Protein chains: 2
Amino acid sequence: MTLAYPLSDPRGARPAATLAETFERLGARMHFARDEEIYAQDDDADLLFQVVSGVVRTSRLTADGRRQVGDFYYPGDIFGLEPGPDHRFAAEALSACELMAVRRASVRAAAGEFEFNRAILEAARQEMERLQEHVLLLGRKSACERVASFLISLAQGRSDGPVELSMGRQDIADYLGLTIETVSRMLTRLQGEAIVEFPSLRAFRVRRWTALEALAG
Amino acid sequence: MTLAYPLSDPRGARPAATLAETFERLGARMHFARDEEIYAQDDDADLLFQVVSGVVRTSRLTADGRRQVGDFYYPGDIFGLEPGPDHRFAAEALSACELMAVRRASVRAAAGEFEFNRAILEAARQEMERLQEHVLLLGRKSACERVASFLISLAQGRSDGPVELSMGRQDIADYLGLTIETVSRMLTRLQGEAIVEFPSLRAFRVRRWTALEALAG
DNA sequence: CGGTTAATTGAACGCATTCAACACGAGTGG
DNA sequence: CCACTCGTGTTGAATGCGTTCAATTAACCG
């Protein structure tokens, strides 16, 4: 990891209008290489991050080695916001990443800034929404439905152009609570039914949206 | 549902120190009978609730009838905080309930934007913690581990006295992402190994804590 | 080209589900 | 007090989905 700017920089500035601006003002720009750890499980949750470029994965390891991927974070997303004083999930760079980081202390110092507080709350809400959706997926969906849901969540918005798959099959499996083999089988099946198409291993295109949505449960 | 006090009561009071105090001051006391709906899926998320007595269950139904229980809320817990403008999960009273309810707008008006955000954020964090734990459980734990984890979460704190099971087997199953039969089998097994003991269907006692924790994964 | 890692495919297994029957408890009325 | 019923929970047997283990293929990079 390389640090471009010093981390602490209160500098007594005025309230920021947007979270992005606050990160720009109070934050430090950081760079992480592919597969580099951003923070570890059980680390102090001191910093709050916003993705500028690249993709980040959060994950948690159980004692006996099983892994659960929490989520994937894309440019604009905020992560590192934790319930307690330490990180329950570790964070790693899926690809080369550029991040903005702010200390919690800085957040507190700038606490008068309504907009900033509001933005953190907004981030917490997004996080809750992701988590609720994830609980429903893991609790009540079949393997096929999970994979279909996952592809939809990646592809939605991107009209019809090919969507990049930033993560490998193992990451997808650990995110969906499946094995890598099952994920592979489901992808093959979806491709066989001409619902999605894989120009390469790391990119796909949705061919039949309604069919995919029907399969997502 | 019966309403003891009017819902809106700004009364120009001072900022509250804690969310609990805010509930005491601004909230309206509400009563719900067993199995009564507190709010429905897709209702406007206008109110925020705190449990005074009784137990509340949140749940979500999929189109084809599968149900996922979000969580169970006990006295002191806050629920109803949602990411978006409407409720993704419905809430029902598991037993006869006494709740304090406040309008979001009331809290914001009375406590000030800052206090409001701080308190809500704190509640959101607790909710996130529950959700993260739930994701790990649903994604990577076996049926036995899920049931053991569930019993532990209910029993922790309560030294060794019998713990009440406020919910039926179906609720437990829908919370753990299992079927009612599987839950029953696991409970029978834990009982057979003298790890827990069931004086009645709706109460249990932990006999061997370390064994139970070992099984929880 | 090899050499290496990631992904797919196949076959056998096992855990949880499904379907079905049975047991238990609480409430009701004879 | 017992018989009846209904809801809830338990138990058994068979099925199936996803896993596991193993082998093969494909992609990537020197």
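As the structure is a prediction and not an experimental result, all values here were calculated from the model. Below, chain A is the first sequence line, B the second, and so on; all start at residue 1.
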So with a 6.0 Å cut-off around CZ of B:R67, is the heavy-atom count from everything else above 12?
-> yes
Could you please name the option among D:dT20, C:dT8, C:dT18 that lies closest to any side-chain atom of A:R169?
-> C:dT8
Between the side-chain atoms of B:R185 and the base atoms of C:dT18, is any donor-acceptor pair under 3.5 Å?
-> yes
Heavy atoms under 4.0 Å, any strand shown: does B:L178 hit a base, just sugar-phosphate, or nothing?
-> sugar-phosphate
side-chain N/O A:S184 vs C:dA7 OP1/OP2, d < 4.0 Å = no
Whole-Å distance between C:dC24 C1' and B:L187 CG?
-> 16 Å
Rounded distance (Å) that lies between atom C1' of C:dC15 and atom CZ of B:R140 | 15 Å
If you measure from NE2 on A:H87 to CG on A:D46, what distance do you get to the nearest 0.5 Å?
-> 8.0 Å
Measure from CZ on B:R34 to P on D:dG7 and round the result to the nearest Å.
-> 13 Å
At what angle, to 10 degrees, do the two end axes of the helix from C:dC1-D:dG30 to C:dG30-D:dC1 meet, given five pairs define each axis?
-> 30°
Given salt bridge (charged side-chain N to carboxylate O under 4.0 Å, His left out), test B:R66 with B:D64 step by step and report yes or no.
-> CA-CA 6 Å; B:R66 284 174 287 185; B:D64 60 344; 3.1 Å; yes
Quick one: on DNA chain D, does B:Q170 or A:A143 contact a more 5' nucleotide (nearest heavy atom)?
-> B:Q170
Note: for A:S200 and A:K141 on DNA chain D, the residue whose nearest nucleotide lies more 5' is A:K141
Kindly indicate, with the supporting measurements, whether the criterion salt bridge (charged side-chain N to carboxylate O under 4.0 Å, His left out) is fulfilled by A:E164 and A:R202.
-> CA-CA 6 Å; A:E164 196 198 346; A:R202 290 298 189 103; over 6 Å; no
Sugar-phosphate only, base, or nothing, as touched by B:S142 at under 4.0 Å among non-hydrogen atoms | sugar-phosphate
Would you find more than 12 non-hydrogen atoms of other residues, nucleotides or ligands less than 6.0 Å from B:R34 atom CZ?
-> no
Nearest heavy-atom approach of A:L138 to A:R146 is O-NH2, 3.1 Å
How close or far is atom P of D:dT25 from atom CZ of A:F198, stated in whole angstroms?
-> 22 Å
Within this structure, what is the CG-to-C1' distance between A:D171 and C:dA6, rounded to whole angstrom?
-> 12 Å
Value for CD1 (B:I195) from CG (B:L187), rounded to nearest 0.5 Å, stands at 11.5 Å
Does A:T188 place a side-chain N or O at less than 4.0 Å from the phosphate oxygens OP1/OP2 of C:dT8?
-> no
Rounded to whole angstroms, how far apart are CZ on A:F204 and P on C:dA7?
-> 15 Å
Specify the separation, in whole Å, of atom CG of A:L94 and atom P of C:dA6.
-> 13 Å
Out of C:dA20, D:dC21, C:dT8, minimum distance to the side chain of A:E181 belongs to D:dC21
B:L201 side chain: which of D:dT19, D:dG9, C:dT8 is closest?
-> D:dG9
Please give, in whole Å, the distance from D:dT10 P to B:I172 CD1?
-> 9 Å
With a non-hydrogen cut-off below 4.0 angstrom, is B:T182 in contact with a base, only sugar-phosphate, or nothing?
-> base
Residues A:Y73 and A:E127: side-chain donor-acceptor under 3.5 angstrom | yes
